[in-house]
Amino acid sequence: MSRTDSPISSQDAGPSRRGLLKAVGGVSAALAVGASASALTGGTASAAPTTFTHPGMLHAYGELNRAKVYVAAGKEPWLSGWNRLVANAHSASSWTPNPQATVIRGGAGENYGILYNDIHAAYQNALRWKIGGNTANADTAVKILNAWSAKLTTVTGNADRFLAAGIYGYQFANAAELMRGYSGFDLDRFKTMMLDVFYPLNNDFLLNHNTACVTNYWANWDLCTMNSILAIGILCDDAAKYDQAVTYFKNGAGNGSVTHAIPFVYADQGLAQYQESGRDQGHTMMGMGQLATFCEMAWSQGDDLYGYDNNRVMKCAQYIAKYNLGQDVPFTTYTWGTGQSCSQQSQTVIATDSRGQLRPVWDILYYHYAKRRGLSVPYIQAMAESVRPEGGGGDYGSTSGGFDQLGFGTLMYAK
């Protein structure tokens with residue numbers, strides 16, 4: 001479901017972070033530019049990187065190395081974040097994958113929980129290897145990734161199949177990116193799975209929205225789809241797919257594009273209303289996590305979408321955090337078209353359902369805006385402190401909502 005108002009014009013400002021990365025080159029450039037990112041106010045890149053940075057999704061070399069060094073030194077809050085990871089059963093090297101040829105989300109025969117549990121196990125074992133150095137964890141991550149790429153041929157179900165392809169597409173790609181180059185990992189076969197099983201559903205949804213009105217689906221549907229396309233582009237060094245996702249973020253017709261996902265800006269208050277704020281706060285925080293994920297993956301490749309359109313994402317995060325901390329925020333009536341006929345519906349008040357819910361989506365935002373950029377984000381900070389140290393899949397319930405985000409932001413983004 002979504003919006004019908006006209007998009008607000010977007011302008012980029014400041015030097016291109018990607019341009020700086022290219023100018024200096026390589027991993028050292030990424031580290032150098034990351035250290036000076038407080039000077040940047042927006043991204044201006046219009047094309048995918050000439051050469052993609054690897055690892056270069058949710059975790060680039062600098063984040064991984066910092067966590068490794070500080071955990072080894074026993075420093076906080078990295079150590080508390082690490083202990084949260086180690087305590088999660090999904091991170092155990094004894095995890096056994098259960099690959100399926102067909103994954104179903106929505107309708108009869110649902111089995112998608114098998115997939116998301118295995119994905120989070122692969123990701124968490126990959127993190128434990130990258131940070132703790134235990135090859136048993138690396139071997140387990142590779143075993144999971146190889147098992148699925150050898151068997152999975154179909155993601156299906158009702159409309160929810162598009163959610164599965166989006167959420168689990170970007171998460172799977174992130175786990176694979178961490179294991180790139182590890183002995184025994186069949187990266188080529190994994191890429192083929194992503195391109196043949198996940199991407200076609202991702203692309204179909206952004207183009208056709210399941211034959212519904214383009215505003216019918218909530219922002220989360222577009223956002224997870226965009227994340228999958230962006231991650232697949234990076235994993236496969238596919239510039240066209242990377243550009244497809246970034247272009248949609250800036251100018252897409254659906255609710256995942258930034259001015260549709262965040263339709264109303266209250267400039268005098270430094271806040272911006274999220275498209276699902278009138279729906280419920282659980283999905284609203286999911287959307288905030290999806291936005292942060294997209295911006296962080298682009299950041300790793302040199303695009304500052306965090307700062308796009310005068311920090312629009314930051315203002316949205318401040319809005320969501322402030323309301324979920326129990327404070328009042330403004331709300332503008334939100335009207336959108338539904339179904340295939342675009343029948344109009346409206347929300348006139350902000351939703352109270354799931355208000356104050358805790359999800360591990362805040363440290364990625366806090367450490368970017370407060371530490372990389374040096375900006376004051378009191379509401380984001382307070383929300384981050386209420387969740388810290390962040391866990392991941394398996395720490396927030398056994399249903400799919402607890403696996404919508406990969407988590408562990410305290411461990412991976414503290415600065």
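Quick caveat: nothing in here was measured; it's all calculated off a predicted structure.
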Using the side chain to side chain donor-acceptor pair (under 3.5 Å) rule, take Gln275 and His260 through it: C-alpha gap first, then chi angles, then the decisive distance, then the call. CA-CA 7 Å; Gln275 187 258 346; His260 293 185; over 6 Å; no
So which atom in [X] and which in [Y] form the shortest heavy-atom distance, rounded to 0.1 Å?
{"X": "Tyr274", "Y": "Ala219", "answer": "OH-CB, 3.4 Å"}
{"X": "Ala231", "Y": "Tyr170", "answer": "CB-CA, 4.0 Å"}
{"X": "Met179", "Y": "Phe185", "answer": "O-CD2, 3.4 Å"}

If we count only N and O atoms by modelled type, under 3.5 Å, do the side chains of Tyr199 and Gln244 hold a donor and an acceptor together? yes
Check the orientation of [X] and [Y]. Use parallel for under 30°, tilted for 30 to 60°, and perpendicular for over 60°.
{"X": "Trp129", "Y": "Tyr182", "value": "perpendicular"}
{"X": "Tyr116", "Y": "Tyr168", "value": "tilted"}
{"X": "Phe408", "Y": "Tyr123", "value": "tilted"}

Would you say the rings of Tyr369 and Tyr306 are close, in the sense that their centroids are separated by under 6.0 Å? yes
Between Phe172 and Phe190, is the gap from one ring center to the other below 6.0 Å? yes
Please set out all donor-acceptor pairs under 3.5 angstrom arising from side-chain atoms of residues 204-214, sequence neighbours excluded.
residue	atom	partner	partner atom	Å
Asp204	OD1	Asn208	ND2	2.5
His209	ND1	Phe205	O	3.3
His209	NE2	Asp222	OD1	2.8
Asn210	ND2	Tyr217	OH	2.9
Thr211	OG1	Gln340	NE2	3.0

Above 12 or not: heavy atoms from other molecules or residues under 6.0 Å from NZ of Lys151? yes
Ring of Tyr323, cation from Arg355 - is the NZ or CZ under 6.0 Å from the centre and inside 45° of the axis? yes
Verify, without hydrogens or angle tests, whether Lys68 (side chain) and Gly133 (backbone) share a donor-acceptor contact under 3.5 angstrom. no
Given the rule in the side chain to side chain donor-acceptor pair (under 3.5 Å) test, do Asn227 and Gln290 qualify, once you have shown the distances and angles that lead to the verdict? CA-CA 7 Å; Asn227 272 317; Gln290 294 289 328; 2.8 Å; yes
For Ser228, side-chain hydrogen bond (donor to acceptor under 3.5 Å, both in side chains) partners two or more places apart: Asn202
Please determine whether salt bridge (charged side-chain N to carboxylate O under 4.0 Å, His left out) holds for the pair Arg372 and Glu296, giving the CA-CA distance in whole Å, both sets of side-chain angles, and the decisive distance to 0.1 Å. CA-CA 12 Å; Arg372 280 181 181 151; Glu296 185 65 25; 2.8 Å; yes
